[in-house]
2 protein chains.
Amino acid sequence: MASADRKQRLKDETRRNILDAAMRIGREEGWQALSMRKIADIIEYTPPVIYEYFANKEALMLELTKVGYRILAKDMKAAREKHRLPEKQLEDMWLTYWNFAFAEKELYQLMFGIEVNCCVWDNSIPEAEVPANMIWEVIGELTGMENPPEDLICKRYYTFWSVVHGLISINLVRQGVPDGMNEEVLKDAIGGIIRSIKPLN
Amino acid sequence: MASADRKQRLKDETRRNILDAAMRIGREEGWQALSMRKIADIIEYTPPVIYEYFANKEALMLELTKVGYRILAKDMKAAREKHRLPEKQLEDMWLTYWNFAFAEKELYQLMFGIEVNCCVWDNSIPEAEVPANMIWEVIGELTGMENPPEDLICKRYYTFWSVVHGLISINLVRQGVPDGMNEEVLKDAIGGIIRSIKPLN
DNA sequence: TATATTTGCCTAACACTGTTAGATAATTTA
DNA sequence: TAAATTATCTAACAGTGTTAGGCAAATATA
């Protein structure tokens with residue numbers, strides 16, 4: 001009966017293997033090449049077994065996007081902890097977001113790709129709120145106000161996010177953005193938004 | 001032998017019908033639901049016929065994105081012609097871009113979706129340059145310079161595009177952006193960039 | 001220990017998908 | 001009218017996500 005533990009461990013391992021295999025295929029061949037049969041091949045089981053761990057392919061991919069958000073959250077937290085001034089924190093956090101998008105290109109596509117995930121964006125990914133909340137916090141601090149108005153923070157948050165995500169999307173879809181352009185656009189934009197938040201002293 | 005004309009007309013019509021059918025399916029059921037067999041059903045032919053008009057499904061969809069760019073170019077041209085001041089032109093052109101994205105949501109996804117079109121972005125869509133060139137022109141005018149430096153225009157162009165496209169993507173993927181937030185973010189951002197281009201007089 | 005039950009896993013199938021080869025029917029040319 | 005060309009279809013291949021049903025091994029019960 002103590003074998004229940006061992007069995008659970010084996011099941012957990014298989015679950016891990018499924019996710020790893022899916023991730024590997026996504027990275028090596030792109031998400032359009034991901035198939036249940038390929039996953040089954042890698043984990044050396046037959047396809048129906050996967051359905052004992054995930055309701056369907058979409059649920060499996062949803063799990064991967066959650067992994068993505070957890071990595072992103074960890075990275076951004078580390079970036080923040082490297083600085084004391086909110087403006088430095090914000091700058092580094094968005095740069096980290098940028099770097100994540102390219103270091104984990106496939107994960108990023110899964111997390112924000114228009115096609116893949118279309119309608120699963122109700123609140124089925126609580127992990128998505130962690131990075132967002134961090135940014136909100138720092139924007140609030142940067143205003144220097146006691147009780148910064150919610151809608152100001154919200155507006156600045158979306159401005160940040162739009163310009164960074166937009167630039168990333170453009171780069172992921174269309175290669176051939178002139179060299180050095182990205183850094184300049186990014187730094188200019190982030191700097192500009194930060195200036196518009198920071199109180200004049 | 002004069003029937004050659006008539007035959008050509010019929011072929012053209014079938015080609016149109018194929019594109020229309022594909023567009024209809026994309027709009028009504030989304031692009032992931034688009035299949036050659038469904039198109040064939042609508043045009044009342046068998047699937048292989050489609051391959052006499054398009055090399056494959058991807059080529060068919062590429063044609064649709066070109067249609068998208070042509071509509072976008074027309075809209076933006078009209079927006080520009082409504083104003084004389086470059087700053088007004090720019091503002092209206094980007095607002096038009098914004099409106100297009102939501103009025104022709106499916107086309108926009110096809111044109112800029114990360115998943116759908118991944119690797120066909122070499123220069124196989126010359127139509128894509130028309131809207132871009134228009135914006136470049138107006139930014140150049142707005143600087144008030146005789147020979148505005150290329151890289152400044154380029155930088156501003158990408159800043160515009162990033163923030164607008166980013167905000168659109170976010171809205172298309174994640175619904176539930178707070179009401180009125182979009183307009184504010186958009187106008188603030190566009191206004192800010194325009195100010196950074198316009199010479200201080 | 002022998003029987004019953006649950007579990008793990010597989011085979012086989014269904015209904016789709018994009019795409020192609022080859023046969024057939026219709027039309028045009030000689 | 002016969003030959004050649006063109007238009008269209010049928011049937012298939014190899015792949016997809018997913019599910020029903022069965023077999024065999026491991027476990028629980030008597």
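In what follows, chains are A, B, ... by sequence order, proteins preceding strands, each numbered from 1. Values in this document were obtained by computation on a predicted structure and should not be read as measured data. Just so it is clear, the values below take in all heavy atoms, side chains as well, and ignore hydrogens, waters and symmetry mates.
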Could you state the CG-P distance from A:N17 to C:dC9, rounded to the nearest angstrom?
12 Å

Nearest whole angstrom, please: distance from the C1' of C:dT19 to the OH of B:Y53.
18 Å

Using a cut-off of 4.0 Å on non-hydrogen atoms, how would the nucleic acid contact of B:I50 be classed: base, sugar-phosphate, or nothing?
nothing

In this structure, how many angstroms lie between the C1' atom of C:dT6 and the NZ atom of A:K11, rounded?
13 Å

Using whole Å, what does the distance between atom C1' of nucleotide C:dG18 and atom CD1 of B:I18 come to?
15 Å

Passing option when A:S162 is tested against B:I170, B:L186, B:N171 for side-chain contact (heavy atoms from CB on, under 4.5 Å):
B:I170

Can you tell me how far P of C:dT19 sits from OH of B:Y45, to the nearest Å?
20 Å

Ignoring hydrogens and angles, tell me if any N or O in the side chain of A:W98 forms a donor-acceptor pair with the backbone of A:V164 under 3.5 Å.
no

Rounded distance [0.5 Å steps], CD1 in B:I197 versus CD in B:E141
12.0 Å

Of the listed C:dC9, C:dT20, D:dT16, the closest approach to the A:K38 side chain comes from D:dT16

For the side-chain contact (heavy atoms from CB on, under 4.5 Å) test, which of A:P199, A:P149, A:P148 pairs with A:T143?
A:P148

Closest approach to the side chain of A:K57, judged atom by atom: which nucleotide of C:dC10, C:dG18, D:dT18 is it?
D:dT18

Indicate the ring-plane relationship of B:Y108 and B:Y97, choosing parallel, tilted or perpendicular according to the 30° and 60° boundaries.
perpendicular

Atom CD of B:Q32 and atom P of D:dT16: how far apart are they, to the nearest Å?
19 Å

Show, in sequence, the C-alpha distance, side-chain angles and deciding distance for B:E137 and B:N133, and conclude whether the side-chain hydrogen bond (donor to acceptor under 3.5 Å, both in side chains) test is met.
CA-CA 6 Å; B:E137 228 177 283; B:N133 288 340; over 6 Å; no

Gap between atoms CG and P, on A:D41 and C:dC10 respectively (whole Å)
12 Å

Please write out each protein N/O paired with an N/O of nucleotides 11-14 of chain C under 3.5 Å, distance rounded to 0.1 Å.
{"unit_1": "C:dA13", "atom_1": "N6", "unit_2": "A:R37", "atom_2": "NH2", "d": "3.4"}

Starting from P on D:dA14, measure out to CG on B:N56 and report it in whole angstrom.
20 Å

Checking all strands, does A:L34 fall into the base, sugar-phosphate, or nothing category for heavy-atom contacts under 4.0 angstrom?
sugar-phosphate

Heavy-atom nearest nucleotide on DNA chain C taken for A:E52 and for B:Y51; more 5' hit belongs to A:E52

Regarding B:R27 and B:E104, does a basic nitrogen lie under 4.0 Å from an acidic carboxylate oxygen?
yes

